[in-house]
Structure formats: structure tokens, C-alpha cells
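Reviewing the structure listed below.
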Amino acid sequence: MTTFADLGLSQKVLSAVTDAGYSTPTPIQAGAIPPALERRDILGIAQTGTGKTASFVLPMLTMLERGRARARMPRTLILEPTRELAAQVHENFEKYGKNHRLNIVLLIGGVSFDEQDRKLERGADVLIATPGRLLDHTERGKLLMTGVELLVIDEADRMLDMGFIPDIERIVKFIPFTRQTLFFSATMPPEIQKLADKFLQNPARIEVAPPSSTAATVEQRLVACGSKDFEKRERLRDLIRSQSELTNAIIFCNRKKDVADLYKSLEKHGFSVGALHGDMDQRSRTNMLQGFKDNEITLLVASDVAARGLDIPAVSHVFNFDVPIHAEDYVHRIGRTGRAGRAGAAFTLVSRRDAKYIDAITKLIDREISWLDGQQAIENADPADDKPARGRRGESKSPARKTARGEKRAREDAVEPAAVAERAAETVEADKPVEMATAPKEAPRKDREERQPRQERESRAAPQRTPEPANANNDRNRGRNRRGGRDNDDREPTPVGFGDEIPAFMMIGS
DNA sequence: AAAAAAT
């Protein structure tokens with residue numbers, strides 16, 4: 001069998017790998033490392049959890065042993081779609097590069113620019129970046145990409161999903177074409193293939209098995225529940241409490257707001273819980289993830305920022321608080337459990353309005369997911385709809401809608417099981433206080449003061465900093481919503497006093 | 001109906 005020693009890695013790297021407890025490379029590592037060391041381009045088709053990260057970190061460390069970085073001219077560049085993934089790659093470099101003296105610089109948003117700048121000035125052997133902050137540094141002239149000898153584009157398909165491809169193309173234009181390029185993607189849709197053709201020259205193509213194998217060890221269940229948030233939270237709590245084998249779990253919500261609300265609710269109910277979504281400040285994101293990895297936190301409520309790529313080795317359970325809108329996200333989410341052949345369980349709460357997404361999922365994974373406790377189709381289990389104006393519904397609608405609604409209602413009334421009605425009743429009682437507690441009225445302006453322009457910041461009465469991590473109102477777009485605030489409004493000025501005739505020279509912009 | 005990423 002192939003060992004790491006057979007792959008051509010340097011002694012320094014090998015000893016770090018041995019110290020980390022590894023002796024046998026994964027298929028992607030065995031396939032990608034030798035050609036990478038020969039300075040060939042790589043097209044790696046592999047999911048996270050296949051050892052993909054080490055498949056580029058290890059050969060890079062070996063190659064970087066020769067040569068030295070110059071100020072503001074990184075020698076290698078790794079592009080990642082999310083901050084957490086970038087940080088994770090950084091950790092890998094520290095782990096396997098412990099015998100090296102390399103400057104590894106992490107360029108991600110949400111943290112101090114100046115500190116990154118200072119590190120760049122010292123010369124980066126490895127630059128790990130998310131696209132936005134990288135371009136920011138580049139545009140300010142703080143960073144020259146002309147010295148990059150090796151470029152890694154990781155999670156290319158996710159970059160595509162997130163609309164990063166134009167940024168990636170811009171960045172790649174700064175880098176000499178004599179570079180070596182390692183390109184990784186979990187899937188190869190046509191757009192990604194086109195991109196690979198554009199960026200790579202005669203690549204070695206390494207493809208490893210899709211994660212259908214991981215899904216095999218994951219017990220998947222659908223769980224019928226009401227559409228109302230408090231009903232879903234109640235159902236979730238019951239579900240969590242009824243699990244005997246639960247060591248830790250990720251709970252996915254579709255919206256950041258729901259991540260924040262559910263986090264508060266679970267905390268109030270005494271669970272050990274953290275939260276993770278993209279509008280939390282970076283420090284909370286980092287702390288929450290670390291706490292979860294360190295088993296200080298049992299439950300992590302997260303948006304799809306955590307669905308892919310994050311290397312959390314042993315998650316016993318995944319709960320989908322919402323059915324993911326896109327079927328692929330389901331696969332990524334449940335891929336957080338059952339990793340490395342371990343047993344895992346994935347439960348998906350399904351309310352009436354979520355039910356329509358289930359078909360696409362079963363089609364994608366090519367198998368039925370059974371209902372928990374033999375619960376039947378969602379129609380039977382969800383008497384309450386989510387619309388508050390139930391009594392009046394239909395009266396102001398078109399005749400066609402009215403008929404459809406009427407039918408739906410008749411069906412609901414006909415099949416409503418007593419048990420469900422009972423549960424709904426006790427749910428309302430049990431959860432009322434939480435409803436109050438999570439009402440969205442409170443404190444919309446808590447965090448991210450550092451992002452406001454100075455004048456705005458100073459004119460505000462003593463800003464309250466609270467440790468509250470998951471407030472969806474920490475929206476980075478908040479400034480734009482607050483009319484009357486001057487921040488972010490200077491692009492569309494509305495001069496007063498000229499009526500409709502504003503002299504051209506008064507207008508800002510080109 | 002979402003999320004992610006620079007400010």
C-alpha cells in the first residue's frame with residue numbers, strides 16, 4: 001500500500017505528518033501529491049472530508065522549502081469561498097508546517113486590515129484569502145500578485161454558487177501564466193469545466209468517489225411538524241431530548257434570522273448551544289466554531305455557511321430545522337455527520353410549506369427518506385398553516401385561489417389527527433415565553449460599530465456592546481436601511497433647494 | 001422564501 005513516504009514529500013513534511021498520526025494517504029492525496037510535486041497543474045474533483053486540503057498543503061510545504069518571500073509579493077495564493085474555510089486551511093499549514101519557518105498570511109474580511117497589511121509587508125510564503133479582502137488589498141496597492149508561483153482555487157463550484165467567479169477571474173489575471181495551478185471542485189458542472197479549461201494547462205485529473213458512501217452510514221429521517229416557528233422549535237427540542245446517542249449536533253436553518261432566534265430559544269431552554277452565520281461579527285464566528293470543535297458546546301445552530309467544507313471531525317447528529325431549498329445543500333448538510341465511516345443521524349423537520357422541496361432531495365440522493373415513527377405524509381400532520389389571518393383567508397382572493405384554499409382547508413379539517421392537535425395546544429403554552437423573548441423589536445443596533453463612519457459613530461449615544469453573538473440585526477447592510485443616516489448614502493445624493501433643476505456640477509459621480 | 005463575501 002502507498003504510504004506518505006512514497007509520495008516524494010520532504011523529510012520535514014513527512015515528520016509533521018507522522019506526528020499528526022497519519023501514515024496512509026487518502027486517494028486524493030495519493031493521486032494529487034506526486035504530480036503536484038512535479039509542478040503539474042491539478043484538477044481535483046473531491047468533496048471535503050476526503051483529505052483534499054492536505055493534498056495541496058503538503059506538496060506546497062515541500063516546494064516552499066526552496067526560496068524566500070519578498071515584501072508584498074506572496075509566493076503562493078490559496079483562494080477559499082468562506083472565511084471559516086480559509087481559517088481552516090491556515091490551521092492545516094500551521095499543523096503540517098510546524099518544522100518550517102514560513103510566513104503564512106490569512107486575508108479574510110471582518111478582521112483588522114492593518115495587521116494583515118503588516119504581515120504582507122514582511123513577505124508571505126503562503127497567502128490564504130477570501131476574494132473580497134484580497135481584492136481590497138490589491139486595489140490599495142498593498143499587494144503584488146506578480147510573484148505568485150502557485151495558485152490554489154479551492155471549492156470552485158461553491159465559488160460559482162456564491163457569485164465569486166468574476167472576482168476569481170480578476171484575481172487570476174494578476175497572476176503570471178507561468179504559475180502552477182491546483183483547482184479543486186466537488187462537482188464539475190459545465191461552467192466549472194470551462195473555468196478549469198481556462199485556468200489549467202494539461203492538468204493531472206484526480207477524481208475521488210462522491211460521498212454516497214458517507215450517506216450510507218447516516219440514518220436519515222423526515223420529521224413532520226407544524227409551520228409555526230414555535231412549533232418547530234418545540235418539535236426540535238423533543239427530538240434532541242429523545243436522542244440517546246447524541247454527542248454533538250449541527251442544526252441548520254435556511255435564514256440567518258432563524259439561526260439567531262433558534263439559538264436564543266435553545267439557550268433559554270438550557271441547551272449547550274452556539275450559533276454561526278455570516279452576519280455575526282468575525283470574533284463570535286471564530287469563537288463559536290472553536291467552542292464547538294472543542295466540545296465546549298454541544299449544539300451549533302448554523303446557516304449554510306457551515307454546510308460545506310468545515311472540518312468538524314465527529315458530529316453525531318445533523319438536524320435540518322428547515323428543509324434546504326436547494327437539494328445539493330441537503331447533501332452537504334448531512335455530509336457533516338457520518339464522516340470517516342462513523343455512524344450518524346440526520347433529521348429533517350418538514351412542515352407543510354417545506355414539503356415541496358423533499359421530492360427534489362429524494363431524487364438527487366436517489367432514495368426515499370423514511371418518516372420518523374412512521375409518520376405519514378405531511379398533509380396529515382400539519383393542520384396549522386403559517387398564515388396568521390386564517391379566519392379571513394380567501395375573502396379577498398380571486399375565485400380561483402379561493403377554490404384552492406377551500407379544498408386545502410377541507411382536507412386539513414378532514415384528516416387532522418387528535419394527537420397533533422393536542423401537541424399543538426401544549427406547544428403554544430410551553431413556548432409562549434420564548435416567543436416573547438425572541439420578538440424582533442429589541443436593539444437593532446448592537447454591533448459592528450467599527451464599520452460605521454466616524455461621524456455616525458460619534459453622534460450616537462454610548463453604543464451597547466453585548467456578547468450576544470447571533471443577532472440577525474447585525475446585518476452589514478444595515479446602514480443602507482437606515483434612512484437619514486449619512487453612511488452609504490453619499491452615492492445618491494439628494495441636494496435640496498434646487499427643485500428639479502440640479503446643476504450638473506453639483507452631482508457626484510462620473 | 002437564502003446564504004455567502006470588501007466596505
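The structure presented is a predicted model; accordingly, all values stated were derived computationally and were not measured. Sequence lines set the chain letters: A, B, ... in the order given, protein chains first and strands last, and positions in each chain run from 1.
In terms of phosphate contacts, A/K256 brings a side-chain nitrogen or oxygen within less than 4.0 Å of OP1 or OP2 of B/dA4. OP1 or OP2 of B/dA6 has at least one side-chain nitrogen or oxygen of A/R83 nearer than 4.0 Å. Between B/dA4 and A/S303, a contact under 4.0 Å exists linking OP1 or OP2 to a side-chain N or O.
Put simply, CG on A/D281 is 13 Å from P on B/dA5, counting in whole angstrom units. Going from atom CG of A/D279 over to atom C1' of B/dA3 covers 9 Å, rounded to whole Å. Atom P of nucleotide B/dA4 and atom CD of A/E328 are separated by 17 Å, given to the nearest angstrom.
With sequence neighbours excluded, no residue satisfies side chain to side chain donor-acceptor pair (under 3.5 Å) with A/N92. For A/E296, there are no side chain to side chain donor-acceptor pair (under 3.5 Å) partners, not counting sequence neighbours. Qualifying salt bridge (Lys or Arg N to Asp or Glu O under 4.0 Å) partners for A/E191, counting only residues two or more places apart in sequence or in other chains: none.
Contacts between residues 136-144 of chain A and DNA chain B, defined by a heavy-atom separation under 4.0 Å, are made by A/D136, A/E139.
Closest contact between the side chain of A/T130 and the listed nucleotides B/dA4, B/dA5, B/dT7 involves B/dA5.
You'll find the side chain of A/M60 reaches within 4.5 Å of the side chain of A/I78, heavy atoms only.
Residue A/H326 places a side-chain atom within donor-acceptor reach of the base of B/dA2, judged by atom type and a 3.5 Å distance cut-off alone.
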Listed pairs under 3.5 Å, donor-acceptor, residues 165-175 of chain A side chains, sequence neighbours left out:
{"unit_1": "A/E169", "atom_1": "OE2", "unit_2": "A/K198", "atom_2": "NZ", "d": "2.5"}
{"unit_1": "A/R170", "atom_1": "NH2", "unit_2": "A/E139", "atom_2": "OE2", "d": "2.4"}

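Residue A/F164 is classed as a base contact, given a heavy-atom separation below 4.0 Å to a base.
Every pair passing ring pair (Phe, Tyr, Trp, His ring centres under 6.0 Å) that includes a residue from residues 105-135 of chain A is listed here, sequence neighbours excluded: A/F113-A/H137.
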